[in-house]
> 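Quick one: the structure is below, and I'll ask about it shortly.
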Amino acid sequence: MDDIIFYDRLQFAFTITFHYIFPQLTMGLSLIIVYFKWQYIRKNIEKYNDAAKFFMKIFAVNFTMGVVTGIPMEFQFGTNWAKFSELTGDIIGQTLAMEGLFSFFLESSFLVLFIFGEKLMSKKMHFLMAFLVFFGSWASGLFIIATNAWMQHPVGYEILDNGKYVLNNFSAIFNNPWLLPAFLHNQLASLTTSAFVVASIGAYYILRNKNIEYGKLFLKTGVIFGFVSSVLLIFPTGDWNAKNVVKYQPASFAAMEGIFDTEKGGTEIVLIGQPNMIEKKLDNKIAVPDVLSFLTYKKWNAEIAGMDKFTEDELPDNIPMLYYSYHIMAGLGTIFVAIMGFALFLLYRKKLYNYKSLLWAIMFLFPFPYIANLLGWYVAELGRQPYLVYGLLKTSDGISPTVSSGNTLFTLLGFMGLYFLLGLLFLMLVGKTINQGPKPQNI
Amino acid sequence: MEIYWYIIIAVVLAIFFILDGYDFGVGIIHLFFAKEEKDKEVISKSAGLFWDSNEVWLVAGGGMLFMAFPKLYASAFSGFYLPLIIVLWLIIFRAIGLEFRNKINVQMWKDFWDKAFGVSSLLLALFFGIALGNVVRGVNLGGVTNGVSIYESHYFFLPLWNSSFSPLSESPGVIDWFTIIIGLIAVVTLAIHGASWIILKTNSSINKKLISVIGKLNIALIVLTVLSLIIWNLVNPNSLDNFMDKPYLIIFPLIYFTGLIGMLFQRKIKKDLNRFLLSTAIILGGITSSLASMFPIIIPSTNSINEPLTIYNSSASNYGLSVAFIWSIIGLILVFIYAIIQIRFRSGKIDKMDYGH
Ligand code: HDD
Ligand code: HEM
Ligand code: HEM
């Protein structure tokens, strides 16, 4: 691979991974805050309002980080992927510009009013502010995923003589069959992340014997939201996404499932195994026969194309990473359901708050939904390779023609340094907020 | 359609420079004039509460530029690669300074982030001015050397500077003595703007002093303006043509000079808001006059081989622009409504306001 393409990709991967740590929490958390606010209006118990305000503090720090790391994302389309921007700007420019106009304005305007304006308005108005923040952040997710969905499965375009892709059907972008399943799966995944964070803080308070009242509330809320969202993540949305990949990106599906050879009559599902790219097989494999065919086509003997059906340059270039990302994501998803299911069962039997070992587990589990989320994106993005826009534009044809690899390496190193600092500060501040706890007001 | 989008994007970016401009200015003033902790705190707060909703204008402007003029976006962003990435780093650094300063109550912590906020604001103002200077001066489109383009005709790549620092060379760098002067104009203008904002929004103890600071800066600005106009004509000899052809465009320089001259009498001003409006006029007039003098060119070419980038040869398809026209009207109305709601809740001095702290 050429240096320049490698650095461009690495820089994009690094900066987007860092950016996506923050929005996944804010999108999910904003919904949980709306829930707390709603409970406060319904039951009129201060505790719920304090909970909403406490999480708003964590939200605000995350939001700031989301904004400052998001601006470089937008710029990078022009700086590092100039050819891509020039050729497809007519289409993806639409969704990106709409995101700015319709969601960022909404979110940031009402966030300020939510945080500072409680005394200036009625309870219901304040609830409305929380709702608008939630609405803005989900709309932003929708627009950005519409952008990505177009890159995964381009629709509503035509190609001009000069090679440009221009829009010819605006509504097709939003009716893209890739969009809805990806959006739902992604939003549920962010909800999972924030439910785990909420539950984890709750478990921490209970174990430390501090802010117990809040600890119980957080744990309960987190467990309920966490269970529901992680179940929905697997079925129907995970399954639905997988069907889309088979249908529209068969090469990518073969690679992520680790199917080297097309099997006659029924494909096995691989649970564990390491892709061996030299001998083109899986080492140390544990697999269940025919299940994958059934899951995909509801027929035990349906044929699924393996990697042998595709030429070298139709296949993704980093198959092992794609394969691991997919299997770790799906594996974690199963574990989440199991743990949250067990916690829910104990909650129902009223034993959860005393079951110390589970509380410890929940407390330490919060990084894993982040990992699953990021890996899920790796599946999508690595699977799209070698194309930047699937089937149309190769990644190597999208980079900026005038920027040299030395310059990209320089900026990549700069981003790494700066983001390291940002990460440290972020952890410090969130840690401090959690330690202070949700003080009841007027004290 | 192109003209509609050109105007909308210009307006959005001008609003960005007016809104975020004051908090860059606040940073500059903070760096040089705020001495007591109490002042430092209110002054940084007068920017800190608002930077985020101000920066949205940049994000939105960038998005619309991408949508309406993709070719320009691609060419300019990759051509100005290094300065843009440095600007990004500064924006990030500045935001952290503002957000995190008051989170930990240790003097050393606060001092560090104050400096970070001040220095990055100063550099950003300088860079934005330099950027405007580059756009006025033009770039070596196609990277022409010895009469041959080495890139496609609408691409270029600018080093940060070249050894001559001259704006008149065939392939100038980002920083030369012309763009530096425009950069200084931006710094001085935004400092004035920021000082007016502090006076308007706070009761800090240096407000009196700031009035005389504004006075001095204003003189400096007048000198710089005259200087830059002379060089401007040297660098871009056609800069007056548009004003000759379409005399009504004179309104834009008039706005600038009204601000500039009006500011000479600012000591007599009774309402602080009026001072702020004058500095707003300087920024607005400055940006719009530069754009008006170049229209419809956006990035001039310094060589005679490749055509400049104009709003017509860099725009998106007609269909795309027309669909976007419809949703943009809806979007802009919404933004207008949010702005009104915001202003209703946020007027008044910061230090008197109860922001729940
Ligand atoms: C907490 C996070 C999380 C969890 C537990 C799961 N996913 Fe996921 N998955 C995501 C988070 C995610 C994601 C980050 O949100 C992705 C990336 C793009 C998207 O829309 O969602 C995604 C994409 C994604 C795709 C599309 C890949 C592509 O576009 O090429 C498939 C097929 C699945 N997932 C399937 C599953 C299955 C079968 C799971 C469970 C057994 C599962 N996911 C659990
Ligand atoms: C939804 C909005 C997104 C868009 C428009 C987008 C777009 C892009 C683009 C333009 C590239 C560079 C070209 C390439 O290597 O193919 C890329 C690569 C990449 N993106 Fe995304 N991306 C999005 C979301 C994400 C998210 C949330 C993540 C996860 C953390 C992610 C992870 C990656 C990775 C790892 C690469 C590098 C892939 C490689 O080098 O093979 N992306 N994406
Ligand atoms: C390449 C892709 C991406 C680009 C260009 C991008 C751009 C941006 C920008 C410019 C901001 C700051 C907005 C502001 O000023 O308020 C931002 C924040 C945000 N982004 Fe991204 N982003 C990308 C990927 C993603 C992805 C994949 C998601 C989620 C699905 C996402 C969700 C958000 C959200 C919800 C915010 C609001 C701030 C927050 O809640 O933290 N972005 N993004």
Side-chain angles (χ1 to χ4, degrees), chain A residues 61 63-64 67-72 74-75 77-80 82-91 93-94 96-102 104-106 108-113 115-121 166-168 170 400-404 407 410-411 414-415 418 421-422 425 429 432, chain B residues 49-50 52-53 55-56 58-64 66-71 73-82 84-85 88-89 91-93 95-96 99-100 103-104 143 151-152 155-157 316-317 319-320 323-324 327-328 331-332 334-335 338-339 341-342 345-346 353-356:
Chain A
V61 182
F63 180 79
T64 307
V67 172
V68 297
T69 57
I71 300 175
E74 184 177 318
F75 274 41
F77 281 119
T79 51
N80 296 58
K83 221 42 219 170
F84 166 61
S85 304
E86 183 192 340
L87 296 176
T88 64
D90 206 81
I91 299 158
Q94 295 275 343
L96 289 174
M98 288 176 85
E99 184 182 18
L101 200 55
F102 288 105
F104 292 149
F105 272 111
L106 186 70
S108 67
S109 311
F110 292 106
L111 181 62
V112 183
L113 292 181
I115 295 181
F116 299 116
E118 191 174 5
K119 293 198 186 117
L120 303 174
M121 56 184 82
V166 297
L167 188 64
N168 68 7
F170 176 72
S400 303
T402 64
V403 178
S404 71
N407 282 315
F410 171 72
T411 56
F415 273 115
L418 190 60
L421 180 72
L422 264 183
L425 284 169
L429 284 179
K432 198 179 147 224
Chain B
L49 286 174
F50 304 109
D52 169 68
S53 30
E55 235 143 65
V56 180
L58 175 66
V59 173
M64 288 196 254
F66 187 9
M67 189 281 301
F69 304 104
K71 199 162 155 184
Y73 192 81
S75 158
F77 275 54
S78 60
F80 294 124
Y81 187 77
L82 285 177
L84 275 175
I85 302 271
L88 284 174
W89 292 344
I91 288 181
I92 296 176
F93 207 57
I96 330 179
E99 281 295 317
F100 294 163
K103 294 276 158 77
I104 289 182
Y151 307 122
E152 274 177 87
Y155 281 102
F156 63 94
F157 188 83
S317 72
Y319 175 74
V323 185
W327 59 249
S328 70
L332 290 170
L334 287 174
V335 169
Y338 309 153
I341 299 178
Q342 299 258 315
F345 281 113
R346 283 178 169 191
M353 250 184 264
D354 178 14
Y355 272 113

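Labels below follow one simple rule: chain letters A, B, ... track the order of the sequence lines, proteins then strands, and each chain is numbered from 1.
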> Below 4.5 Å, heavy atoms only, C-beta onward: do A/F105 and B/L334 meet side chain to side chain?
no
> Among A/L106, A/L421, A/V166, who wins on heavy-atom pairs under 4.5 Å with chain B?
A/L106
> So, taking the atom named CD in B/E152 and the one named NZ in A/K83, what distance separates them when rounded to the nearest 0.5 Å?
3.5 Å
> As an exercise: rank B/S75, B/A324, B/A68, B/G79 by heavy-atom pairs under 4.5 Å with chain A and give me the winner.
B/A324
> Measure distances from B/F156 to the heavy atoms of chain A and classify the residue's part below 4.5 Å as side chain, backbone, both or neither.
backbone
> If you count heavy-atom pairs within less than 4.5 Å of chain B, which of A/G100, A/A82, A/S404 leads?
A/A82
> Do the side chains of A/N407 and B/L82 get nearer than 4.5 Å, heavy atoms only?
yes
> Any side-chain heavy atom of B/I85 within less than 4.5 Å of one from A/F75?
no
> For the candidates A/L111, A/V61, A/L422, which exhibits the highest count of non-hydrogen atom pairs separated by less than 4.5 Å from chain B?
A/L422
> Answer yes or no: is there a side-chain heavy-atom contact under 4.5 Å between B/F77 and A/F77?
no
> Output all residues satisfying side chain to side chain contact (heavy atoms under 4.5 Å, CB included) with A/T402, sequence neighbours left out; order by chain, then residue number.
B/S78, B/Y151, B/Y155, B/F157
> For the side chain of B/Y319 and the backbone of A/F170, is there at least one donor-acceptor N/O pair under 3.5 Å apart?
yes
> Non-hydrogen atoms of chain B under 4.5 Å away: do they reach the side chain of A/L101, the backbone, both or neither?
both
> What heavy-atom pair brings B/A95 and A/V68 nearest, and what distance separates the two atoms?
CB-CG1, 3.4 Å
> At a 4.5 Å cut-off on heavy atoms, which part of A/L87 comes close to chain B: side chain, backbone, both, or neither?
neither
> State, to 0.1 Å, how close A/E74 and B/G63 come at their nearest heavy-atom pair, and which atoms those are.
OE2-N, 2.9 Å
> Which pair of heavy atoms, one from A/T411 and one from B/W89, lies closest together, and at what distance?
O-CZ2, 3.5 Å
> A/M121 versus chain B, heavy atoms under 4.5 Å apart: side chain, backbone, both or neither?
side chain
> Quick check: closest heavy atoms across B/M67 and A/A97, and the distance to 0.1 Å?
CB-CB, 3.8 Å
> With only heavy atoms counted, which part of A/K432 is less than 4.5 Å from chain B, the side chain, the backbone, both or neither?
side chain
> So how far is it from B/I341 CD1 to A/L113 CG, rounded to the nearest 0.5 Å?
7.5 Å
> Please rank B/Y73, B/F66, B/F69, B/W327 by heavy-atom pairs under 4.5 Å with chain A and give me the top one.
B/W327
> For each of B/A316, B/A60, B/S317, B/G61, tally heavy-atom pairs with chain A at distances under 4.5 Å, and name the one with the top tally.
B/S317
